[in-house]
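Every value quoted in this text rests on a predicted model; they were computed, and no experiment measured them. Here is how names work: the chains are called A, B, and so on, in the same order as the sequence lines, proteins then strands, and each is numbered from 1.
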Amino acid sequence: HISYGATITACAYAGNLDTALQLLARMRAAGITPDLVCYNACMLACDKAGKMDTAYELLKKMPEDNVEPDLYTYCSLIAACQAPDDFDRAKQLMADLKALGLRPNEVIYNAMMDVCAKCGKADEARSYLSEMRADGVQPSLVTYNTCISAFSRIGDSNTCMELLQEVRHDNLKPDKISYNGCINAFGNTGNWPAALTLFRGMMTAGVEPDVISYTSCICALEQSNEWQKALELLADMRARGLRPGEIALRVCTRMCAKNDKWMEVQVILNEMDSEGFLPP
RNA sequence: UUGUACUUGA
């Protein structure tokens with residue numbers, strides 16, 4: 001029944017793996033053989049819950065129901081590789097799916113590049129970008145954003161900016177995520193002036209900054225102890241109708257405290273309390 | 001849009 005698939009998917013996004021698996025069991029009890037979509041939805045639930053082992057167990061059980069894994073299945077398996085040393089495992093999954101005769105599509109490459117990003121393997125992410133082009137698979141904005149994220153995490157802002165150019169060269173328009181990634185790259189190297197310049201640049205380009213854009217700039221300012229600029233951004237963000245999140249408020253509190261600005265600390269702490277955020 | 005996958009902040 002189709003509603004099982006939809007329900008299991010809902011469980012996946014709610015982070016409720018146990019219920020997802022119970023639904024699979026209930027299907028069998030009702031004499032219904034789980035189909036590929038139900039398995040994939042459970043795989044997704046494993047991914048969201050960070051249960052790699054359960055995902056592999058499901059993969060092993062699929063043949064019992066005469067279900068063949070597809071690209072959705074492998075996407076969730078690859079995406080479940082979240083630990084810093086899961087890169088080799090993801091690479092193996094990539095080999096496995098090819099051995100089954102499946103051809104990686106854009107989403108698979110994106111997922112693989114995201115593993116690279118999370119494992120600190122930025123150069124490998126770039127290689128996958130080349131590989132997908134060579135395979136005739138068109139990179140999308142998600143692809144570039146993932147690659148930017150990979151270089152942002154290792155603090156390679158030059159490559160991030162190059163990738164931003166490649167986005168345009170590919171006739172795509174950088175979005176908030178693209179810019180935010182580059183802003184973080186500058187922040188990660190302590191280059192707050194460049195972060196703020198790009199922040200202004202995104203507005204000039206007609207891309208609206210969001211809470212993450214502001215928060216990334218505020219984080220960039222923390223290393224250099226630029227508390228006044230951080231508070232300006234906080235005010236700016238409110239003027240734009242954006243509500244500072246827990247991260248921005250915590251970072252600002254830290255900075256103000258470090259500089260003995262106790263009145264400012266008090267004001268922010270009160271706001272955090274009324275928002276239901278924990279004090280830093 | 002017709003049950004399933006990928007990207008940004010302490």
How many Å lie between CG on D210(A) and C1' on rG9(B), as a whole number?
-> 9 Å
Whole-Å distance separating the CZ atom of R254(A) from the C1' atom of rA10(B) | 6 Å
Classify the nucleic acid contact of L141(A) as base, sugar-phosphate or nothing, counting any heavy atom under 4.0 Å across all strands shown.
-> nothing
Remember a base hit wins even if backbone is also touched, and classify Y13(A) as base, sugar-phosphate or nothing at under 4.0 Å, heavy atoms.
-> sugar-phosphate
Write down the distance between OH (Y72(A)) and P (rU4(B)), rounded to a whole number of angstrom.
-> 8 Å
Side chain of S224(A), backbone of E226(A): donor and acceptor closer than 3.5 Å?
-> no
Give D175(A) one of three labels, base, sugar-phosphate or nothing, depending on what nucleic acid heavy atoms sit under 4.0 Å from its own.
-> nothing
Would you mind reporting whether F87(A) and C81(A) have side-chain heavy atoms less than 4.5 Å apart?
-> no
Measure the distance from CG on L17(A) to C1' on rU4(B) and round it to the nearest whole Å.
-> 15 Å
Spell out yes or no: do the side chain of T215(A) and the base of rG9(B) have one donor N/O and one acceptor N/O closer than 3.5 Å?
-> yes
For the pair made of CG in L59(A) and P in rU4(B), what is the distance, rounded to whole Å?
-> 21 Å
Between CG of L36(A) and P of rA5(B) the distance, given in whole Å, is 12 Å
Pairwise side-chain contact, Y72(A) with M43(A), heavy-atom cut-off 4.5 Å (strictly under) | no
S76(A) side chain, from C-beta outward: closest of rA5(B), rU8(B), rA10(B) = rA5(B)
Donor-acceptor pair, N184(A) side chain versus G187(A) backbone, under 3.5 Å?
-> no
Could you check which of rU4(B), rU7(B), rG9(B) has an atom nearest any side-chain atom of T9(A)?
-> rU4(B)
For N188(A), report the nucleic acid contact type (base, sugar-phosphate, nothing); a contact means any heavy atom under 4.0 Å.
-> nothing
Gap between atoms CD1 and P, on I78(A) and rU4(B) respectively (whole Å) = 20 Å
Please state whether the base of rA5(B) and the side chain of D70(A) form at least one donor-acceptor pair under 3.5 Å?
-> no
Whole Å only: how far is the CD1 atom of I247(A) from the C1' atom of rA10(B)?
-> 5 Å
Tell me whether the OP1 or OP2 atom of rC6(B) has a side-chain N or O from K118(A) closer than 4.0 Å.
-> no
Nearest listed nucleotide, side chain of L71(A), among rA5(B), rC6(B), rG3(B) = rA5(B)
How would you label the contact of T146(A) with the nucleic acid (heavy atoms, under 4.0 Å): base, sugar-phosphate, or nothing?
-> sugar-phosphate
Between K261(A) and L231(A), is any pair of side-chain heavy atoms under 4.5 Å apart?
-> no
Check whether any side-chain nitrogen or oxygen of R153(A) sits under 4.0 Å from OP1 or OP2 of rU8(B), and answer yes or no.
-> yes
